[in-house]
Participant: 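Input: one structure, supplied below.
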Amino acid sequence: MELDEKKYLYLLILIPIVVCIFFFNMYWKRRKQLEFGDLEMVKRLSPEKSVFKPVLKIVVILLALTCLIIGLVNPKIGTKMETVKREGIDIVFAVDVSKSMLAEDVVPSRLEKSKQLVSQIINNLGSDRIGIVAYAGSAFPVLPITSDYSVAKMFLQSMSPDMVSSQGTSLDEAIRLSATYFDEKSKTSKLLILISDGEDHSEGATAAAEEANKIGMKIITIGVGTEKGGTIPLKENGVVRGYQKDQNGQTVTTKLNQEGLKTIAKATKGGYVYGGSTKEVLEYIKNALNNIQKTEFEATQMAEFQSQFQWFIGFAFLLLFLDIFLLERKTNWIKELDLFNEKK
């Protein structure tokens with residue numbers, strides 16, 4: 001359950017105020033009766049006046065007031081399922097999670113920078129569906145095509161080199177796995193945004209890109225890292241314990257391979273953008289998406305909390321309507337109950 005307009009909860013302070021006014025009024029009436037004469041004599045002069053009815057009326061009014069306030073707060077309970085029609089494209093993000101992406105020549109690291117870029121791109125999307133693939137020496141499906149951006153960003157943040165057992169940068173595996181995310185028969189435009197440092201990529205990457213082009217898939221590559229390169233820190237509990245070394249015991253320096261990423265993008269008439277500036281990447285992706293044809297599709301069913309305010313408002317008006325018929329004189333069944341010892 002969630003409360004839509006929590007600010008109206010402050011109106012609940014009216015309830016103790018009304019109760020105080022009621023008791024003050026009762027006290028004032030009693031004082032006036034004492035000034036008029038003996039209480040027993042006053043009761044005899046108005047034998048039909050009920051002690052119970054005023055209490056019942058204030059209880060009804062308080063319940064009505066409470067229901068009106070709860071109605072204004074608008075509690076939402078349960079779920080309402082509805083199919084939403086959207087116009088957009090299908091996008092798969094393939095994120096390189098190889099150990100070379102741990103290099104810190106880009107702050108805070110290539111991998112963290114990649115996550116930031118993808119997250120910002122998602123924030124700027126409209127009605128597009130997205131999926132996520134992780135890859136290193138092999139590719140791994142992280143999230144299938146979905147329209148739930150919050151879930152996508154949650155899965156994105158959990159990505160690390162530990163997700164893929166084999167190391168390297170197998171771009172061809174990433175492209176082929178990403179292609180399976182798309183329905184070949186669908187007319188929806190297909191876009192793969194591939195983020196990598198491009199190092200140690202397999203020779204079949206260009207061939208995989210050409211195959212992807214045949215099913216109408218466009219590839220945009222984003223290069224993360226620097227051509228100068230950086231070392232790969234080995235950390236334990238966030239503390240650097242050393243740096244990745246090769247078989248000869250030499251510290252490995254990993255560098256950005258922009259040419260390889262440009263070749264892959266060119267094979268699908270896509271494009272390449274350097275990931276050093278988030279603003280430039282977002283501008284580039286925005287322009288690219290504006291030039292891709294959007295198609296209408298049915299998004300997965302969206303679950304929403306269903307408003308319940310109408311029940312509380314309706315019950316409040318029912319109570320106020322009943323209050324009109326609650327007169328302060330005694331009724332026969334109340335007389336028989338004698339709840340307030342009214343029989344004298």
Side-chain angles (χ1 to χ4, degrees), residues 88-98 101 111 114-115 117-119 121-122 125 128-149 151-153 155-156 158-161 163-224 257 260-273 275 281 284-285 288-289 292-293 295 297 300:
I89 66 174
D90 287 342
I91 304 171
V92 172
F93 294 94
V95 182
D96 188 347
V97 294
S98 60
M101 294 295 286
L111 181 56
S114 298
K115 292 180 183 181
L117 289 172
V118 174
S119 182
I121 292 171
I122 292 174
L125 295 178
D128 307 296
R129 296 183 296 194
I130 58 176
I132 301 176
V133 167
Y135 68 95
S138 58
F140 178 80
V142 176
L143 182 71
I145 291 289
T146 180
S147 56
D148 193 332
Y149 293 172
V151 170
K153 287 192 282 188
F155 274 90
L156 176 68
S158 66
M159 295 173 68
S160 72
M163 298 180 69
V164 184
S165 57
S166 57
Q167 287 303 308
T169 307
S170 185
L171 295 173
D172 59 329
E173 290 287 335
I175 295 169
R176 290 192 177 96
L177 178 60
S178 298
T180 65
Y181 274 50
F182 303 112
D183 183 359
E184 292 186 27
K185 297 179 181 179
S186 174
K187 294 181 180 179
T188 305
S189 298
K190 309 169 183 65
L191 175 65
L192 168 62
I193 298 179
L194 189 147
I195 305 97
S196 175
D197 55 19
E199 191 177 57
D200 297 330
H201 70 276
S202 58
E203 295 179 358
T206 304
E210 290 172 351
E211 291 175 16
N213 187 48
K214 293 177 182 179
I215 64 168
M217 191 169 90
K218 188 180 291 290
I219 300 176
I220 292 177
T221 55
I222 301 175
V224 181
N257 178 11
L261 295 173
K262 289 177 181 178
T263 302
I264 292 170
K266 188 177 179 180
T268 62
K269 298 179 182 179
Y272 168 82
V273 58
V281 171
Y284 183 89
I285 297 297
L289 292 177
I292 297 177
Q293 183 180 359
T295 54
F297 55 79
T300 52

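Small disclaimer: the values here were computed from a predicted structure and weren't measured.
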Participant: Quick check: do F93 and V142 have side-chain heavy atoms less than 4.5 Å from each other?
Facilitator: no

Participant: Restricting to non-hydrogen atoms, name the atom on F182 and the atom on V92 that form the minimum distance, rounded to 0.1 Å.
Facilitator: CZ-CG2, 3.5 Å

Participant: With sequence neighbours left out, what residues match P144 under side-chain contact (heavy atoms from CB on, under 4.5 Å)?
Facilitator: none

Participant: Can Y181 and L192 be said to form a side chain to side chain contact (heavy atoms under 4.5 Å, CB included), step by step?
Facilitator: CA-CA 10 Å; Y181 274 50; L192 168 62; over 6 Å; no

Participant: Starting at CD1 of I121, measure out to CG of D128 and round the result to the nearest 0.5 Å.
Facilitator: 11.5 Å

Participant: Do the side chains of K190 and D90 get close enough for a salt bridge, i.e. N-O under 4.0 angstrom?
Facilitator: no

Participant: Shortest non-hydrogen contact from I220 to A288?
Facilitator: CD1-CB, 3.6 Å

Participant: Decide yes or no for T146 and V151: does some side-chain heavy atom of the first lie under 4.5 Å from some side-chain heavy atom of the second?
Facilitator: no

Participant: Sequence neighbours excluded, which residues qualify as side-chain contact (heavy atoms from CB on, under 4.5 Å) partners of K115?
Facilitator: L111, E112, L156, Q157, M159

Participant: Which is it for L125 and Y149 under the side chain to side chain contact (heavy atoms under 4.5 Å, CB included) test, yes or no, and what are the steps along the way?
Facilitator: CA-CA 9 Å; L125 295 178; Y149 293 172; 3.6 Å; yes

Participant: Check the pair I175, M217 against side chain to side chain contact (heavy atoms under 4.5 Å, CB included), reporting the backbone distance first and the verdict last.
Facilitator: CA-CA 10 Å; I175 295 169; M217 191 169 90; 4.0 Å; yes

Participant: With a sphere of 6.0 Å drawn around NZ of K262, does it hold more than 12 non-hydrogen atoms of other residues, nucleotides or ligands?
Facilitator: yes

